[in-house]
2 protein chains.
Amino acid sequence: MESTDLRKAGLKVTHPRMRILEILENLDGKHVTAEDIYRELLEHQDDIGLATVYRVLTQFEAAGLVLKHNFEGGQAVYELDRGKHHDHMIDVESGKVIEFTSEEIERLQREVAERHGYQIEDHSLVLYVRPRKKN
Amino acid sequence: MESTDLRKAGLKVTHPRMRILEILENLDGKHVTAEDIYRELLEHQDDIGLATVYRVLTQFEAAGLVLKHNFEGGQAVYELDRGKHHDHMIDVESGKVIEFTSEEIERLQREVAERHGYQIEDHSLVLYVRPRKKN
DNA sequence: TTGGTTGCAAACGGTTTGCAGTTGC
DNA sequence: GCAACTGCAAACCGTTTGCAACCAA
């Protein structure tokens, strides 16, 4: 992912955008808040404002480059959209986020929607989990 | 649902609490924001502050009397917890919220969690839907 | 050259909180 | 009587916006 992706999205290739894209790429699977990115930038002496981080993330989302999630009504978290859809499981003890997919669940969702005369536009499935007891 | 429920929850039976409980009861299935309740109270000349509405809803949630949902990062919406678990489908055109249940989806969720060594504590499933095209 | 982009500070909107006065029990 | 509760206004916190300076094309 590089400057081409930005141009394709009709966005000028600027330092803030490239740096934020880089940071998102080096996350493999982790999810970050706007502030996480902002702090990371500060640590590397990049003089990029928090407002810019928000603006860039919003543009990236609109361009289909990143996904935004609103887990448990606090801060929004972002991740690069690598194309393969997945849902999330959050370990409530450690805060760890696990990604998973289930074609069967997807199918049942479509079925339920259809049964009500609808078609699915989007969906959000989050499991809040706890390490299994070994009783 | 009445004063008994409040006492059971260790809450004093006050006018604000009773009124808010009443309003929640007369919703059958609809979902309201704190402001919705506040406006409803104003219309009936109840002199109850918005802060109180928030405090009462938070207490009701902790007491297991109401459910709070954070659909699409705006305002939180509340509904009375009538015991039977359900998920939500939101018609993105009209904003209408439809409740549904699917024991099969629930089962698959438990399976997925188990497969990762977890047990489900809670979950949130929201389908954003659109009336089916008659192609 | 110029329109998109940026940093800053101020505004925003939903929610929470400190406090002094009030009320249920 | 006294702890629980309330209304009000101010604080909070994540996010957005107005604006003048800046810079990619």
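Heavy atoms only: backbone and side chains are in, while hydrogens, waters and symmetry mates are out. Note on naming: letters A, B, ... go to the chains in the order of the sequence lines (proteins, then strands), and numbering restarts at 1 for each one.
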Problem - Verdict with reasoning, B/Tyr128 to B/Val126, per side-chain contact (heavy atoms from CB on, under 4.5 Å) - result: CA-CA 6 Å; B/Tyr128 297 93; B/Val126 184; 3.6 Å; yes
Practice task
Could you check B/Lys68 against A/Pro16 and say which one's nearest nucleotide on DNA chain C is further toward the 5' end?
Solution key: A/Pro16
Problem - Interatomic distance, A/Leu42 CG vs C/dC8 P [rounded to whole Å] - result: 10 Å
Fill in the blank from the handout: Here the distance between atom P of D/dT15 and atom CD of B/Gln75, to the nearest Å, is 16 Å
Practice task
Report the end-to-end axis angle of the helix from C/dT1-D/dA25 to C/dC25-D/dG1; each axis comes from five terminal pairs, and the value is rounded to 10°.
Solution key: 30°
Handout entry: Residues clustering with A/Leu67 (ILVMFWY side chains joined when closer than 4.5 Å, directly or via others)
Key = none
Fill in the blank from the handout: Atom CZ of A/Arg17 and atom P of D/dC23 are separated, to the nearest Å, by 15 Å
Handout entry: Whole-Å gap separating P (D/dC8) and CG (B/Leu41)
Key = 12 Å
Handout entry: Any B/Lys68 side-chain heavy atom under 4.5 Å of B/Val77 side chain
Key = no
Exercise for the section: Could you tell me how the ring of B/His86 sits relative to the ring of B/His88: parallel (under 30°), tilted (30 to 60°) or perpendicular (over 60°)? Expected result: perpendicular
Which atom pairs, donor and acceptor, lie under 3.5 Å between side-chain atoms of residues 44-52 of chain B and protein residues at least two apart or in another chain?
{"residue": "B/His44", "atom": "ND1", "partner": "B/Glu40", "partner atom": "O", "Å": "3.0"}
{"residue": "B/Gln45", "atom": "NE2", "partner": "B/Glu43", "partner atom": "O", "Å": "3.3"}
{"residue": "B/Asp46", "atom": "OD1", "partner": "B/His15", "partner atom": "NE2", "Å": "2.7"}
{"residue": "B/Asp46", "atom": "OD2", "partner": "B/Arg19", "partner atom": "NE", "Å": "2.9"}
{"residue": "B/Asp46", "atom": "OD2", "partner": "B/Arg19", "partner atom": "NH2", "Å": "3.2"}

Exercise for the section: Would you mind listing every ring-ring contact (aromatic ring centres under 6.0 Å, His included) that reaches into residues 91-123 of chain A, with sequence neighbours excluded? Expected result: A/His85-A/His123
Fill in the blank from the handout: Per atom distances to the A/Glu35 side chain, the nearest of D/dG14, C/dT6, D/dT6 is D/dG14
Collect all protein-nucleotide pairs involving nucleotides 23-25 of chain C in which both atoms are nitrogen or oxygen and the distance is under 3.5 Å.
{"residue": "C/dC25", "atom": "OP1", "partner": "B/Val13", "partner atom": "N", "Å": "3.1"}

Fill in the blank from the handout: Atom CG of A/Asp36 and atom C1' of D/dT15 are separated, to the nearest Å, by 15 Å
Practice task
Answer yes if A/Val92 and A/Ile98 sit in the same cluster of Ile, Leu, Val, Met, Phe, Trp and Tyr residues linked by side chain heavy atoms under 4.5 Å apart, and no otherwise.
Solution key: no
Exercise for the section: Calculate the interatomic distance between B/Phe71 atom CZ and C/dG14 atom P; express it in whole Å. Expected result: 17 Å
Exercise for the section: Let me know the distance between CZ of B/Arg19 and P of D/dT6, rounded to the nearest Å. Expected result: 14 Å
Practice task
Specify the separation, in whole Å, of atom NE2 of A/His69 and atom P of D/dG14.
Solution key: 19 Å
Practice task
Scan residues 49-61 of chain B against DNA chain D and write down, sorted by residue number, each residue with any heavy atom closer than 4.0 Å; if none is found, say none.
Solution key: B/Gly49, B/Ala51, B/Thr52, B/Arg55
Practice task
Step through it carefully: locate the ring centre of B/Tyr78, locate the ring centre of B/His31, and say whether they are under 6.0 Å apart.
Solution key: no
Practice task
Salt-bridge test for B/Arg110 and B/Glu103: reply yes if a basic N is under 4.0 Å from a carboxylate O, no otherwise.
Solution key: yes
Problem - Pairing of A/Arg115 and A/Glu111 as salt bridge, 4.0 angstrom limit - result: yes
Exercise for the section: Using only heavy-atom distances, determine whether the side chains of B/Gln59 and B/Arg17 contain a donor-acceptor pair under 3.5 Å. Expected result: yes
